[in-house]
Amino acid sequence: LEAQFAQAQKMQAVGQLAGGVAHDFNNVLQAIIGYSDLLLANHRPTDPSFQDIMQIKQNANRAASLVRQLLAFSRRQTLRPQVIQLGEGLSDLSLLLKRLLGETVELDLRHGRDLWLVKADVNQFEQVIVNLAVNARDAMPEGGRLTIRTANVPAAESGAYGDRTMPAGDYVMVEVADTGSGMPPEVIEKIFEPFFTTKEVGKGTGLGLSTVYGIVKQTGGFIFCESEVGRGTTFRIFLPRHVPAEAEEAPKAETAKKQAA
Ligand code: ADP
């Protein structure tokens, strides 16, 4: 299970990196291939350098084919947003979370009433919760409690959640709070950076929270972290409320639920 999560985290990050880099890299490769062609045109096949230039061209072509695969992979990572009710997604996840947390960490799931809809990718949302839960578990080696709470946060209140950069609006909040080790300010500052980890080699990739951040941002949401050494850590995710056009209201939510199952 653990290895699967680590792998999923890695793949996600590789996908995001690949999407950005592969495109530019491909342009460089096309230049190398182009200049190789020019050189080949100026050499006879019997020239000693002809075979060497052929090698350059063939290898550049191989690299281009790798880049194409990376691009295909990163495209697979794009979000497929559906209209969903986050509370349902969390209930579906609870079994997996319990297994993940083990016997010493208690799971407390609290659903807000009449939760608003959001437009999010169900699988990616699960990834977000799982990544946060893995970190929470690691921060509670002696056991503790993981509380996951959902709530509607209306526009009138969304400004009061501390961060000035969050535009006022209707949000659905998911709060993931642990009673673990907590973090000092200098760690909190860096947690969303790719490859930042305080875990020992082989245990942490430093990609969990940067993946979480990426998914939340791509969904149009915000994530905040509050932590105190010795007391625990709370992550709060705010996803913008989705108000369906009249025609798509009830049936859409049903479909999303079925596809998530
Ligand atoms: P990884 O878990 O592989 O180290 P993450 O990006 O998920 O990578 O987390 C980065 C770092 O943030 C962790 O190494 C840890 O120091 C810190 N961290 C994340 N979540 C928590 C938490 N719930 N409690 C304490 N520290 C945390």
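None of these values were measured; they are calculated from a predicted model. Side-chain atoms are counted along with the backbone in the values below, which use heavy atoms only and exclude waters and symmetry mates. Whatever order the structure lists ligands and atoms in, that order sets their numbers, starting from 1.
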Shortest non-hydrogen contact from Cys225 toward Thr233: SG-CG2, 3.9 Å
Any idea which heavy atoms bring Gly208 and Asn131 closest together, and the distance? O-ND2, 3.2 Å
Side chain or backbone, does Val187 bring an N or O within less than 3.5 Å of an N or O on ligand 1? no
What part of Thr198 sits under 4.0 Å from ligand 1 if we count only heavy atoms: the side chain, the backbone, both or neither? both
Under 4.0 Å from a heavy atom of Thr197: give me the atoms of ligand 1 that qualify, with their elements. 1 (P), 4 (O), 14 (O)
Do you know the tightest heavy-atom contact between Ser94 and Leu109? CB-CD1, 3.5 Å
Show the nearest heavy-atom pair for residues Ser158 and Met166, with the distance to one decimal. O-CE, 3.0 Å
Could you tell me, atom by atom, which parts of ligand 1 come under 4.0 Å of a heavy atom of Ile191? 6 (O), 12 (O), 17 (C)
State the atoms of ligand 1, each with its element, that fall below the 4.0 Å cut-off from a heavy-atom position in Leu209. 5 (P), 6 (O), 7 (O), 9 (O), 19 (C)
Compare every heavy atom of His111 with every heavy atom of Thr150, then report the nearest pair and how far apart it is. OG1-CA, 3.4 Å
Filtering Lys190, Glu193, Lys199, Met183 for the heavy atom nearest atom 27 (C) of ligand 1 leaves Met183
Of all the heavy-atom pairs spanning Val229 and Met183, show the shortest one and how long it is. CG2-C, 3.5 Å
Is Ser210 in polar range of ligand 1, meaning some N or O pair under 3.5 Å apart? no
What part of Asp178, side chain from CB on, backbone N/CA/C/O, both or neither, has a heavy atom under 4.0 Å from ligand 1? side chain
